[in-house]
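Encoded as structure tokens, the structure appears first; notes follow it.
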Amino acid sequence: MSSLADELSAQILELVVAAIARGEITGTAPDLITLDRPKNRDHGDYATSIALQLAKSAGKQPREVAEILKGAISQLPGVSSVDIAGPGFINITLNRSNQAELVRTILSAGKNYGSGSSLKGVAINLEFISANPTGPLHLGHTRWAAVGDALGRVLSASGAKVSREFYINDRGRQMDLFGQSVQAAATGQAIPEDGYQGEYIKDLAVQVLATNPSISTSEDFREAAYRIQLDEQKSVLDTFKTHFDTWFSERSLHDSGAVEHGLLKLREQGHVFESEGAIWLRTTDFSDDKDRVLVKENGELTYFASDTAYYINKRERGSDICIYMLGADHHGYVNRLRAVAACAGDNPDYNIEILIGQLVKIMEGGEEVKLSKRAGTIITLAELVEKVGVDAARYTLIRYPVDTPMVMDIDVLRKNTNENPVYYVQYAHARIAAVLRNVAELKIIYTLENFDPAQLTHDRENELLGALAEYPRIVASAAELREPHRIARYLEELAGVYHGFYADCRVLPMGDEPAAPIHSARASLCAATMQVISNGLDLLGVSAPERM
RNA sequence: GCGCCUGUAGCUCAGUCGGAUAGAGCACCUGCCUUCUAAGCAGGUUGUCGCUGGUUCGAUUCCAGCCAGGCGCACCA
């Protein structure tokens, strides 16, 4: 679906190209004309600085260039007036009833309004969380649980074929320590020095013994506890409304021969070498700080070997782009992962993307809660949900760009006030639902057929239409930039515009006043707004309540 | 030491490809519910966009250097 702004932008580009062809302007046309929505309402519905950009090569004053384009732009369909302002901005005002046609577009597209095709045909593997199955998911995983899931939804909405994966690190020393720790807890022995100390280990021990009292070896404890812990992670994520297409076990990578296969592929590409008894990948060929060991001197495969094999496996399963969402404490992996892609013969600037999320601090009772596994002050995802609810937790985690460190204040999230922006947005949705219930009760008809765009002439209506028109662009940019927070910020803006409309534009007839076309038209506008809020919240995995 | 991220209002933070008077919420004041959900609206107050240079018609945005904070630099997983 192309938005009104996109069409307008393309049409202006044609005009610029034509003007250059006629020799009225010298220079080269840009690939694309950017249309901004001016902050100031006096600057029209859309504005472009194209004249300022072309002025230099044209050898003319910016306002002269703008003057050349002005006439043709004002002839474009749907444009009501064009003004030149300031140093040479071209401000475009759209025909209002033409703009109001958008309501029909939204209502007929329904859930699909906002979806696009910018990523059509692209298969994306989205890997996030990927926690060890040796403990509950905690706050460190939470940001990605929300943002990763939302990004998956946003990418899908842009036409990509998305596979969300959770990589289970179910192999290696940590798993063995985990097994030994549970066994120690079950048999009343001291937990190993470098083992897992948390209270949950004791719970696991109890559960393991309950199902199998005769269990004895640490391997058996490990396997039994692993299954319980993994199930618990799955169930918590399920309540958090985060879903995965594939839970990919590191073990399966080894069992299936994928690791051997990956090594072979890297050898073929010529980046594998032996030194000091170990087998290495020469990642320094591709701007890594140092080369990385694949097979240790003692013959064991490193975790890095699994990583490389997993990447190759993802690509061979058909993913064009592999996105990794990692915490800031893993940012040292960026170069080596990119190097892996390059070593496998791929383009590290296309086939692999690594998103680094800064850590989340948490405040409660006015103090920062220090997270420490040893001190037992880890806050789990389950606890967070219990304290503030799924919607508030998800929304808050998503509304900030991931490269800013964020502070979550538990006390604020518990409040049902504006400090908690999720309510502001949800309230707008619920408010519209209430209005439409009343509309239905008064038997006011608002259909696609009887919608009359000419009724919507109020400034508030116009402003609301403008905001609704932005939605497809917002979704497209959120997908392109991998930044789902843009959806949240947009929804806050849209909710604000709606509340303003609501305050100034009465939807229902007053008292005994008979229903008129304006009431139907406004009801349609409300329905369109509700649809967009609902679509947006859906991309965030946050509920859109009918009543609050 | 090297690398990545961050520094915008009293607080928490938006502001992608450089654009017009730098925004929002909270906090603080003032109005607005005997007609749609006041979890709302309208208005007021709040800034050396970390610092210094550079690029140009124009820099919070791009570049360089510096200062401050966070996080990393394993034949661990």
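A, B, ... follow the sequence lines: proteins, then strands. Residue 1 opens every chain.
Heavy atoms of A:His485 sit under 4.0 angstrom from primed sugar atoms or phosphate atoms, though from no base atom. Within the nucleic acid shown, A:Pro87 has no heavy atom closer than 4.0 Å to any nucleic acid atom. Counting non-hydrogen atoms under 4.0 angstrom, A:Arg399 reaches nothing in the nucleic acid. Among the protein residues, A:Ala328 comes within range of the sugar-phosphate backbone only, with heavy atoms under 4.0 Å from sugar or phosphate atoms but none that close to a base. Base engagement by A:Cys505 is indicated by at least one non-hydrogen atom pair under 4.0 Å involving a base atom. As judged by a 4.0 angstrom heavy-atom cut-off over every strand, A:Ser306 is placed among residues making no nucleic acid contact. Among the heavy atoms of the strands, none lies under 4.0 Å from A:Asn169. Using a 4.0 Å heavy-atom criterion, one finds that A:Tyr502 contacts the bases of the nucleic acid, with or without backbone contacts as well. Contacts of A:Ile356 with the nucleic acid, taken as non-hydrogen atoms under 4.0 Å apart, are absent. Base engagement by A:Glu546 is indicated by at least one non-hydrogen atom pair under 4.0 Å involving a base atom.
At B:A20, none of the side-chain N or O atoms of A:Asn91 fall inside 4.0 Å of OP1 or OP2 (strictly under the cut-off). OP1 or OP2 of B:A42 has at least one side-chain nitrogen or oxygen of A:Arg460 nearer than 4.0 Å. A close approach under 4.0 Å does occur between a side-chain nitrogen or oxygen of A:Tyr424 and OP1 or OP2 of B:C41. The side chain of A:His499 contributes no N or O atom lying less than 4.0 Å from OP1 or OP2 of B:G25. Of the side-chain N and O atoms in A:Ser49, none sit less than 4.0 angstrom from OP1 or OP2 of B:C57. The phosphate of B:C76 has OP1 or OP2 within less than 4.0 Å of a side-chain N or O from A:Lys296.
For RNA chain B, runs of at least 3 consecutive pairs of the Watson-Crick or G-U wobble type, with both hydrogen-bonding distances under 3.5 angstrom, map to B:1-7 with B:67-73, B:10-13 with B:23-26, B:28-32 with B:40-44, B:50-54 with B:62-66.
When the C1' atom of B:G40 is taken as reference, atom CE of A:Met548 falls 12 Å away, rounded to whole Å.
Outside the 6.0 Å centre-distance limit, the rings of A:His519 and A:Tyr446 are not counted as a close aromatic pair. Within the 6.0 Å centre-distance limit, the rings of A:Tyr498 and A:Phe501 are counted as a close aromatic pair.
In this structure, the side chain of A:Gln233 does not engage the main chain of A:Leu230 through any donor-acceptor pair within 3.5 Å. At distances below 3.5 Å, not a single donor-acceptor pair connects side-chain atoms of A:Tyr502 with backbone N or O atoms of A:Val497.
Listed here is the closest heavy atom pair of A:Ile191 and A:Tyr196: CG2-O, 3.3 Å.
Annotated as syn: B:C33, whose O4'-C1'-N torsion sits within 90° of 0.
Taking the ring axis of A:Phe273 as reference, the NZ or CZ atom of A:Arg282 stays within 45° of it and closer than 6.0 Å to the ring centre.
Residues A:Arg222 and A:Glu219 are not paired through a salt bridge, judged by the lack of any N-O separation under 4.0 Å between the basic side chain and the carboxylate. Using a cutoff of 4.0 Å between basic side-chain nitrogens and carboxylate oxygens, A:Arg171 and A:Glu300 are not scored as salt-bridged.
On a pure distance criterion of 3.5 Å, no polar donor-acceptor pair joins the side chain of A:Gln174 and the base of B:C76.
Stacking of the aromatic ring of A:His330 onto the base of B:G72 is not found under the criterion of centres within 5.5 Å and planes under 30°. Residue A:Phe89 and nucleotide B:G19 are not classified as a stacked aromatic pair, given the requirement of ring centres less than 5.5 Å apart at an interplanar angle below 30°.
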